[in-house]
Amino acid sequence: MLGINKNTPNSDIYCIDNEQLFAQLTPEEGAVIEGGGGFLIIDQLQAINADADTFGDDDTYITVNGSRLWGPNGFSTGQVSGVNRGLGVDFPTRVELFDEDGGFNGSDDSLGGFTVNGPTNGTAITRVSGSGSTYDVYYRVF
């Protein structure tokens, strides 16, 4: 028996001791119970080296869990551009950058990506690389 006590002799109301309602959880288990989500904001991108596109600037766009969030926008080496886009996400969340080829040169080129596993403490900066390009991604999660 779980220590369930009937409150009154003439009712069907039961009481469970408070101690029986709590268990020790890992942070990961707690996140699942709490919903495991947050709000992701991509603040800006900086092209450290924009070299994925052989015909000029990278035509950079961002996806979150496979859905396009922003772009494409042209990037040359050294350029910084404000993104200022956000959305609610569940963790883990995958953020990826691509160079759009528009079908002329085959499929779009991966510029790299990263996984967000939880809230950040302020702005985080992650460097991604792929297809000859390198970008710094400035983002926040709360």
Student: Which atom names give the shortest non-hydrogen contact between Val83 and Ile42, and what distance separates them?
Tutor: CB-O, 3.5 Å
Student: Quick one: closest heavy-atom pair of Ala47 and Ser76, and the distance?
Tutor: CB-O, 3.4 Å
Student: Specify the closest pair of heavy atoms between Ser131 and Asp109, including all atoms of both residues, with the distance to one decimal.
Tutor: OG-CB, 3.5 Å
Student: When clusters are formed by joining ILVMFWY residues with side-chain heavy atoms under 4.5 Å apart, either directly or through shared neighbours, do Ile62 and Phe39 land in the same one?
Tutor: no
Student: Are Asn49 and Tyr135 close enough that some pair of their side-chain heavy atoms sits under 4.5 Å apart?
Tutor: no
Student: Just to verify, what does Arg85 make a side chain to side chain donor-acceptor pair (under 3.5 Å) with, not counting sequence neighbours?
Tutor: none
Student: How far does CG of Leu111 sit from OG1 of Thr60, to the nearest 0.5 angstrom?
Tutor: 5.5 Å
Student: Under the rule for side chain to side chain contact (heavy atoms under 4.5 Å, CB included), what residues qualify as partners of Glu100, not counting sequence neighbours?
Tutor: Asp59, Tyr61, Arg68, Pro72, Asp108
Student: Would you give the length of the straight line joining atom CZ of Arg140 to atom OG1 of Thr123, rounded to the nearest 0.5 angstrom?
Tutor: 5.5 Å
Student: Rounded to the nearest 0.5 Å, how far apart are CD of Glu96 and CG of Asn65?
Tutor: 9.0 Å
Student: Keeping the roles fixed (side chain from Thr120, backbone from Val141), state whether a donor-acceptor pair exists under 3.5 Å.
Tutor: yes
Student: Sequence neighbours excluded, which residues qualify as side chain to side chain contact (heavy atoms under 4.5 Å, CB included) partners of Ser110?
Tutor: Phe98
Student: Who passes side chain to side chain contact (heavy atoms under 4.5 Å, CB included) against Phe114, sequence neighbours left out?
Tutor: Val95, Val116, Thr126, Val128, Val137, Tyr139
Student: Within the side chain of Asp51, is there an N or O that forms a donor-acceptor pair under 3.5 Å with the backbone of Ser133?
Tutor: no
Student: Run the side chain to side chain contact (heavy atoms under 4.5 Å, CB included) check on Val64 and Thr93 step by step: do they pass?
Tutor: CA-CA 7 Å; Val64 176; Thr93 290; 3.5 Å; yes
Student: Which value, rounded to the nearest 0.5 Å, describes the distance between Asp99 atom CG and Asp58 atom CG?
Tutor: 4.5 Å
Student: Just wondering, do Val89 and Leu40 contact through their side chains at under 4.5 Å, heavy atoms?
Tutor: yes
Student: Working to the nearest 0.5 angstrom, can you tell me the gap between Ser129 OG and Leu97 CG?
Tutor: 10.5 Å
Student: Would you name the heavy atoms of Gln46 and Val80 that are closest together and state the gap between them?
Tutor: CG-CG2, 3.6 Å
Student: Following the transitive rule for hydrophobic clusters with a side-chain heavy-atom cut-off under 4.5 Å over Ile, Leu, Val, Met, Phe, Trp and Tyr, establish whether Leu87 and Leu45 coincide in one cluster.
Tutor: yes
Student: Taking side chain to side chain contact (heavy atoms under 4.5 Å, CB included) as the test, write out the residues that go with Pro92, two or more places apart.
Tutor: Thr115, Asn117
Student: Taking a hydrophobic cluster as the set of Ile, Leu, Val, Met, Phe, Trp and Tyr residues connected by side-chain heavy atoms closer than 4.5 Å, whether directly or through intermediates, do Phe75 and Ile48 fall within one such cluster?
Tutor: no
Student: Test of understanding: with ring-ring contact (aromatic ring centres under 6.0 Å, His included), list the residues that count as partners of Tyr138, not counting sequence neighbours.
Tutor: none
